[in-house]
Amino acid sequence: MNFNPESELRHLAILLLTALITGWLLDALTIVLILTLIGYIGWNLRQLFRMYQWLKQPNTIDPPTSHGLWGEIFDDIYKLQQHQLKYRARLKRVIKRFRDSTFALRDGFVMLDQEGNIEWWNPAAERLLGLVQKTDVGQLLTNLIRDPAFKTYFEKNDYEKPLELTSPVNDNVILQYQIALFGKQDRLIIVRDITEMKKLEQVRTDFVANMSHEIRTPITVLAGYLETLSESGEDIPPLWQRALSNMQQQTERMKALIQDLLTLSKLETRRASALPQLVEVDKLIHRVSSDLATPLAEKKQTLKVDCSSSCAISGIESELYSLLSNLIANANKYSPKGSQISICWASSPTGGQLSVQDQGIGIDHRDIPRLTERFYRVEKGRASDTGGTGLGLAIVKHILINHDATLDINSTPGNGSTFICKFPNQRLHTITQTAANA
């Protein structure tokens with residue numbers, strides 16, 4: 001039905017004109033007009049009441065029958081109802097598919113509102129977190145997961161990295177929390193059981209550590225005999241002297257490899273609760289520079305140090321020593337003779353940066369993302385030339401992770417490389433002159 005407002009006005013005009021003529025003929029113009037208007041208003045009120053009754057009973061399929069303006073209103077409302085029913089049915093199907101898919105997942109999903117109150121979760125989340133449908137809907141999630149680390153992670157709104165904690169209902173289960181923001185600061189929390197993965201990582205770490213310990217003993221015995229043979233070099237035929245030298249060199253490489261593997265194992269298994277120390281940056285740089293003076297002198301390399309502020313890093317001194325010594329050792333190995341290696345420390349309100357810059361051959365940008373992988377080498381034949389183990393930068397990465405720091409690598413082939421260690425501000429402490437002198 002296509003409603004025409006002019007037609008409705010025309011019908012009203014005809015009705016009033018008929019009332020005027022009838023009233024004039026009956027000599028009761030006023031009464032007839034009043035009765036006509038009362039009838040018109042009454043008819044509209046009846047249509048309004050019919051619409052109210054119809055809308056009050058949503059199970060009624062067909063709209064009331066009428067004509068004119070009210071017929072158009074009934075038809076339009078009926079069309080809107082049908083459209084809404086189709087939309088709701090489609091929405092229910094989507095929601096059902098979503099619920100069925102999330103119910104089938106082993107990962108837990110928890111949906112929160114802007115205030116952090118729980119709105120919905122799937123069965124996996126109920127199992128992993130111990131949520132109860134009757135009591136926990138509308139509760140603050142931080143009231144149910146009472147670990148201080150989770151509350152800190154939840155409130156800082158920086159969810160780039162996941163959080164790993166034990167389950168609030170089972171201490172033998174390790175959970176990984178990942179939070180995603182959507183809408184107006186609503187949150188979707190993904191909870192994953194990573195217990196088996198952690199066990200596999202522990203098995204791998206234990207295997208590497210145990211094998212390294214087991215291999216260390218025969219390598220030490222072999223190195224001892226080789227050293228004894230080398231001391232009596234005059235009794236060894238010249239043909240075997242070169243072989244003996246090569247065996248000693250490879251034995252030293254094996255010892256260095258085992259030591260690096262043990263170091264990595266210790267870094268991976270170190271507890272986060274290990275007591276930190278205040279490590280003064282300038283003293284650390286001086287100590288590492290002194291210990292590496294011999295290999296630097298052998299290649300006639302100079303070391304330039306720029307430490308513009310008296311600052312200390314809260315961390316493990318032995319690890320920070322290993323961090324800096326690995327970076328300087330790499331610069332020494334892969335830089336030409338007579339080149340310069342620069343060490344720079346700079347602090348700012350946002351944190352501190354410890355950088356080591358060399359004048360070596362540089363690294364292609366395609367290799368940079370993989371440099372911190374174990375045993376990864378830009379050139380496969382480099383190990384025999386430099387004596388490296390391929391684990392130095394992997395050790396650096398793990399040390400930085402343990403100190404909440406990150407590593408940036410800037411390099412251009414032929415123009416050297418710069419390794420920048422960025423420490424967060426909460427790890428830095430200013431050293432007063434009095435304390436430094438003491």
Review point. Given L407 and I409, is the side-chain contact (heavy atoms from CB on, under 4.5 Å) satisfied, shown in steps?
Key: CA-CA 7 Å; L407 176 66; I409 303 175; 4.1 Å; yes
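- The aromatic rings of F74 and W70 sit tilted relative to each other, their planes meeting at an angle between 30° and 60°.
- Each of L141, D113, L140 was checked for a side-chain contact (heavy atoms from CB on, under 4.5 Å) with I118, and the lone residue meeting it is L141.
- Of the possible polar contacts, one joining the Q277 side chain to the E317 backbone as a donor-acceptor pair under 3.5 Å is found.
- Sorted by first and then second residue, the salt bridge (charged side-chain N to carboxylate O under 4.0 Å, His left out) pairs involving residues 341-356 (not counting sequence neighbours) form an empty list.
- Remark: K397 pairs with no residue by the salt bridge (charged side-chain N to carboxylate O under 4.0 Å, His left out) rule, at least two apart or across chains.
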Quiz: residues 166-177 side-chain donor-acceptor pairs under 3.5 angstrom, not counting sequence neighbours:
unit_1, atom_1, unit_2, atom_2, d
S167, OG, L128, O, 2.9
S167, OG, V169, N, 3.2
N170, OD1, N172, N, 3.0
Q176, OE1, R192, NH1, 3.2

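- Shown here for N122 and G108, the closest heavy-atom pair between the two residues is OD1-CA, 3.4 Å.
- R93 pairs by the side chain to side chain contact (heavy atoms under 4.5 Å, CB included) definition with A89, R90, not counting sequence neighbours.
- Contact detail for A149 and L163: the closest heavy-atom pair is O-CD2, 3.9 Å.
- Between the side chains of Q53 and R50, no donor-acceptor pair of N or O atoms lies under 3.5 Å.
- Under the salt bridge (charged side-chain N to carboxylate O under 4.0 Å, His left out) criterion, K198 pairs with E164, E201, sequence neighbours left out.
- With sequence neighbours excluded, no residue forms a salt bridge (charged side-chain N to carboxylate O under 4.0 Å, His left out) with D186.
- Remark: the N332 side chain and the Q301 side chain contain an N/O donor-acceptor pair separated by less than 3.5 Å.
- Residues passing the side chain to side chain contact (heavy atoms under 4.5 Å, CB included) test with D291 are R287, Y321, sequence neighbours excluded.
- Contact between Q340 and S342 at its shortest, heavy atoms only, is NE2-OG, 3.5 Å.
- Checking side-chain atoms of H286 against main-chain N and O of V281 turns up no donor-acceptor pair under 3.5 Å.
- Shown here are the salt bridge (charged side-chain N to carboxylate O under 4.0 Å, His left out) partners of K199, two or more places apart in sequence or in another chain: E196.
- Judged by distance alone, the side chain of N326 and the main-chain N or O of L391 form no donor-acceptor pair under 3.5 Å.
- Residue pairs meeting the salt bridge (charged side-chain N to carboxylate O under 4.0 Å, His left out) criterion with at least one partner in residues 125-139, sequence neighbours excluded, are absent.
- Legend: residues meeting ring-ring contact (aromatic ring centres under 6.0 Å, His included) with Y159, ordered by chain and number and at least two apart, are Y153.
- Looking at residues two or more places apart in sequence or on another chain, you find a side chain to side chain contact (heavy atoms under 4.5 Å, CB included) between D358 and A331, S335, S417, F419.
- Judged by distance alone, with hydrogens and angles left aside, the side-chain atoms of S347 form no donor-acceptor pair with the main-chain N or O of G352 at under 3.5 Å.
- Looking at D404 and R427, a side-chain N of the basic residue comes within less than 4.0 Å of a carboxylate O on the acidic one, giving a salt bridge.
- W345 and F423 have tilted rings, their planes meeting at an angle from 30° to 60° on a 0 to 90° scale.
- By the side chain to side chain donor-acceptor pair (under 3.5 Å) test, N415 is found to be paired with no residue, residues two or more places apart in sequence or in another chain being considered.
- Of the candidates I189, V191, L129, V137, V137 is the only one forming a side-chain contact (heavy atoms from CB on, under 4.5 Å) with W121.
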